[in-house]
Amino acid sequence: QVRLVESGGGLVQAGGSLRLSCAASGLTIRNYAMGWFRQAPGREREFVATITWTNNTVYADSVKGRFTVSRDNAKNTVYLQMSSLKPEDTAVYSCAQGSPFRAYSNALSLPAGYNYWGQGTQVTVSS
């Protein structure tokens with residue numbers, strides 16, 4: 001059974017930093033693209049970043065240069081380092097597991113490109 005558990009969210013002032021973690025069980029993340037999405041109240045789920053099984057990374061324009069996605073295959077964990085946070089980054093952040101052994105495609109910027117999801121962790125950025 002695949003399980004993804006996010007942690008590391010919280011309340012931070014604008015300009016601050018947070019590191020989110022996504023611990024996986026029931027799968028070996030090294031074989032999969034792993035993505036981060038976020039959803040703010042009243043808005044659709046939004047792509048944030050993805051890291052392919054070959055460690056290629058792709059970011060949404062809104063977070064490029066501020067966020068970094070990485071993975072530790074030995075710990076079976078994916079991370080999202082967030083810096084220079086803005087109030088508009090406030091959302092529930094979720095990680096997701098994509099298809100195995102696939103190169104990047106536009107599908108990985110869409111929720112439909114992922115098979116399993118975590119419950120999410122709340123990030124709140126105050127102004």
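The structure displayed is predicted, hence computed values, not measured ones.
Atoms CG and OG1, on N76 and T28 in that order, are 6.0 Å from each other to the nearest 0.5 Å. In this structure, CD in Q97 is found 5.0 Å from CG in N115, a value given to the nearest 0.5 Å. Interatomic distance, CZ of R71 versus CG of N73, reported as 5.0 Å (0.5 Å rounding).
Looking only at atom types and distance, the side chain of T50 has a donor-acceptor partner in the side chain of Y114 under 3.5 Å away. Side chains of R19 and Y79: a donor-acceptor N/O pair is absent below 3.5 angstrom, by distance only.
Using a 4.5 Å heavy-atom cutoff, the side chains of L20 and E6 are not in contact. Two residues are said to be in side-chain contact when any heavy atoms from C-beta on lie closer than 4.5 Å; S94 and Q119 fail this criterion. Using a 4.5 Å cut-off on side-chain heavy atoms (C-beta onward), F37 and E44 make no contact. Inter-residue side-chain proximity for R66 and M82 is flagged as unmet; no heavy-atom pair is nearer than 4.5 Å.
For Y116, the OH atom sits in a loose shell: 12 or fewer heavy atoms of surrounding residues, nucleotides or ligands are nearer than 6.0 Å. The neighbour count for R102 CZ, taken as heavy atoms of other residues, nucleotides or ligands under 6.0 Å away, does not exceed 12.
Between K86 and D89 there is no salt bridge, since no side-chain nitrogen of the basic residue lies less than 4.0 Å from a carboxylate oxygen of the acidic one.
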Open item on the list: Please determine whether ring-ring contact (aromatic ring centres under 6.0 Å, His included) holds for the pair Y32 and W53, giving the CA-CA distance in whole Å, both sets of side-chain angles, and the decisive distance to 0.1 Å.
Closed with: CA-CA 5 Å; Y32 295 86; W53 74 287; 10.0 Å; no
